[in-house]
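Letters A, B, ... are given to chains in the order of the sequence lines, protein chains preceding strands, and every chain is numbered from 1. Values below: every heavy atom of this structure, side chains too, minus hydrogens, waters and symmetry copies.
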Number of protein chains: 2
Amino acid sequence: MINRDKISDKTIGRLSQYRRFLNLLHENKVKNVFSYQIANSAGVTSPQVRRDVMLLGYNGNPAKGYNVEALMECLAHYLDTPGGEGVVLVGFGNLGRALISYFSKQRPNLSIVAVFDNDPALIGRVIHGVRCCSMEDFASVAQQNNVRVGILAVPADQAQLTADLMVAAGINGILNFALTTLQVPPHVYVERVDITTSVEKVVFFARKIRQERTLP
Amino acid sequence: MINRDKISDKTIGRLSQYRRFLNLLHENKVKNVFSYQIANSAGVTSPQVRRDVMLLGYNGNPAKGYNVEALMECLAHYLDTPGGEGVVLVGFGNLGRALISYFSKQRPNLSIVAVFDNDPALIGRVIHGVRCCSMEDFASVAQQNNVRVGILAVPADQAQLTADLMVAAGINGILNFALTTLQVPPHVYVERVDITTSVEKVVFFARKIRQERTLP
DNA sequence: ATGTTATTGTGAAAAAAATAACAGCGTTAA
DNA sequence: TTAACGCTGTTATTTTTTTCACAATAACAT
């Protein structure tokens, strides 16, 4: 029996990464893989991979490593929602469009059910087969499709309002690209992608490396 | 003297977030702020904030809290490159354009020096005052402008090649949006923004919350 | 059969991060 | 002037996460 209780944020992130590599292997008809190979592809250590895999309850083979298909299946069973998960996207700007094309290349388990924007000029436009709807239809579309996860790609000043709409429509997982910390009830999980912070981190550590290479 | 040595990735991320809130306060003419207010804005705890601020070497006042301007200055001194940092962006697709508009609203300390793409149809196009250049000019532009940080917003199959070009041109900090783990020399810092993984995390934890609310 | 090899699975140790706890101290108000 | 208040600065504690280390083991060659 898998214990899904005490699993951390970080572990899920890594499992998701491992899966991408496994997909690649599977496409190339590779049958087995060692922990250090997975580790290498994800930029982590091999004990880390073994430990993460242990959580899944999957057992590898000391001589052949992990069976690619079996491990993929195990990961899918662990990470994916049975029957697939529908996601809504709010914001049909450049970022929204970029996200749509990310998803169009995705596995079928995750699909964008609908895209919304409050700019009348954008409503009705189609990209990658997805049509932009008016925000007025948000609650009804989300509820009819039983959507639980929303992606927020709107300007910061509309983010909280949009998040409130999402929560009211029954969504309890939000991926937030807006440069704001959202206030949401405790039963809503928010993952934030903060591009400004990411850039500042890169700038800082890149500079730090340069300084360390120059001085000592 | 500030000790920049043993600072972690996560701390820098938080400092960057604090700064955004401080900016907001400053615009609103707020003079002082308490640790718990900063904590609240960034979704962390107040001891965490005090601890992070401690690293900067800045001291607050037990009765008034932190002086907004002084703390901002301290953060700038710590995080920013004196004279500003120029950044190059590769990839003029939807994501690239979204990033350009993110930056156009940014503080002047970070600026996009140039944007590149290898699609001839895009070269010469201008967005937010930034013109798209050919990849052929990459090395010369990057070196002439002394650029150290690059943003990678190209499809996965071109990511490694582009990263190699960046490294060859003297860049030692990369923000990678492509769905690949880059292989770079140890003196190059890579920060990855993995949208697929982020979505899968949200899906997982949203589902977990639903299950925990239904069952017990 | 059996020895060899390279890997897994996992408890134990170490490291890192977050949290708690509280002494010390400006400020304010009496 | 002084007492009360509520916050900061910092040390200690706890929790979480990662790494280490090695016994157990399946496959393969001999």
Side-chain angles (χ1 to χ4, degrees), chain A residues 1-18 21-22 25 30-71 74-75 78 197 201 205, chain B residues 1-18 21-22 25 30-72 74-75 78 197 201 205 208:
Chain A
M1 190 54 198
I2 299 175
N3 185 359
R4 194 175 275 125
D5 283 357
K6 43 189 171 186
I7 194 120
S8 85
D9 196 67
K10 294 196 164 189
T11 308
I12 297 298
R14 284 193 301 267
L15 289 176
S16 167
Q17 297 222 9
Y18 301 162
F21 181 58
L22 291 173
L25 292 178
V30 179
K31 290 281 180 266
N32 296 287
V33 63
F34 295 124
S35 62
Y36 68 85
Q37 297 173 306
I38 300 178
N40 210 269
S41 85
V44 300
T45 64
S46 62
Q48 182 81 81
V49 171
R50 293 204 294 277
R51 191 158 274 278
D52 290 337
V53 170
M54 199 171 71
L55 283 175
L56 300 176
Y58 175 74
N59 275 19
N61 177 310
K64 292 186 182 170
Y66 302 107
N67 179 280
V68 173
E69 279 193 33
L71 185 52
C74 214
L75 276 166
Y78 193 76
T197 292
K201 267 165 81 171
F205 286 106
Chain B
M1 191 55 199
I2 299 175
N3 184 359
R4 194 174 276 127
D5 283 358
K6 43 189 172 186
I7 194 119
S8 84
D9 194 70
K10 295 201 162 185
T11 307
I12 297 299
R14 284 193 301 267
L15 290 176
S16 167
Q17 297 224 8
Y18 302 163
F21 180 59
L22 291 173
L25 293 176
V30 178
K31 291 279 179 268
N32 295 289
V33 63
F34 295 123
S35 64
Y36 67 85
Q37 297 173 306
I38 299 178
N40 211 269
S41 85
V44 300
T45 63
S46 62
Q48 183 79 81
V49 172
R50 293 204 293 280
R51 185 168 261 275
D52 290 337
V53 171
M54 198 171 70
L55 284 175
L56 300 175
Y58 175 75
N59 275 19
N61 177 311
K64 292 185 182 170
Y66 302 108
N67 180 280
V68 173
E69 279 194 33
L71 185 51
M72 282 176 76
C74 215
L75 276 167
Y78 193 76
T197 292
K201 267 165 79 171
F205 286 107
K208 190 173 162 222

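Between A:V44 and A:P62, the residue whose closest nucleotide on DNA chain D is further toward the 5' end is A:V44.
Within the nucleic acid shown, A:T11 has no heavy atom closer than 4.0 Å to any nucleic acid atom. In this structure, A:S35 reaches the sugar-phosphate backbone alone: every heavy-atom distance under 4.0 Å involves primed, P, OP1 or OP2 atoms, never a base. When heavy atoms are screened at a 4.0 angstrom cut-off, B:S8 is found touching the sugar-phosphate backbone but no base atom.
At least one donor-acceptor pair under 3.5 Å links the side chain of B:Y58 to the backbone N or O of B:N67.
We find that CZ of B:R51 is positioned 11 Å from C1' of D:dT13, with the value rounded to whole Å. Rounded to whole angstrom, the span from the NZ atom of A:K31 across to the P atom of D:dA27 amounts to 17 Å. Per the geometry, CD belonging to B:Q48 stands 17 Å off P belonging to D:dT15, to the nearest Å. Summarising the geometry, the separation between OH on A:Y36 and P on C:dA6 is reported as 10 Å, rounded to the nearest angstrom. With rounding to whole Å, B:L55 atom CG is found 14 Å from C:dA16 atom C1'. One can place CG of B:N61 at 12 Å from C1' of D:dG9, the figure rounded to the nearest angstrom. In this structure, CE of B:M54 is placed 15 Å from P of C:dT19, rounded to the nearest angstrom. Look at CZ on B:R50: it is 15 Å from P on C:dA23, rounded to the nearest Å.
The shortest distance between the side-chain N/O atoms of A:Y66 and the OP1/OP2 oxygens of D:dA26 is not below 4.0 Å. Between B:N59 and the phosphate of D:dT8, there is no side-chain N or O to OP1/OP2 separation shorter than 4.0 Å.
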Practice problem: Could you go through the side-chain contact (heavy atoms from CB on, under 4.5 Å) check for A:L15 and A:L55 one step at a time? | Solution: CA-CA 10 Å; A:L15 289 176; A:L55 283 175; 6.0 Å; no
Practice problem: Applying side-chain contact (heavy atoms from CB on, under 4.5 Å), run through A:L56 and A:L75 and close with a yes or a no. | Solution: CA-CA 7 Å; A:L56 300 176; A:L75 276 166; 3.7 Å; yes
Quiz prompt | Evaluation steps, side-chain contact (heavy atoms from CB on, under 4.5 Å), between A:V49 and A:F34 | solution = CA-CA 10 Å; A:V49 171; A:F34 295 124; over 6 Å; no
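A:F205 approaches B:I7 most closely through the heavy-atom pair CE2-O, 4.2 Å.
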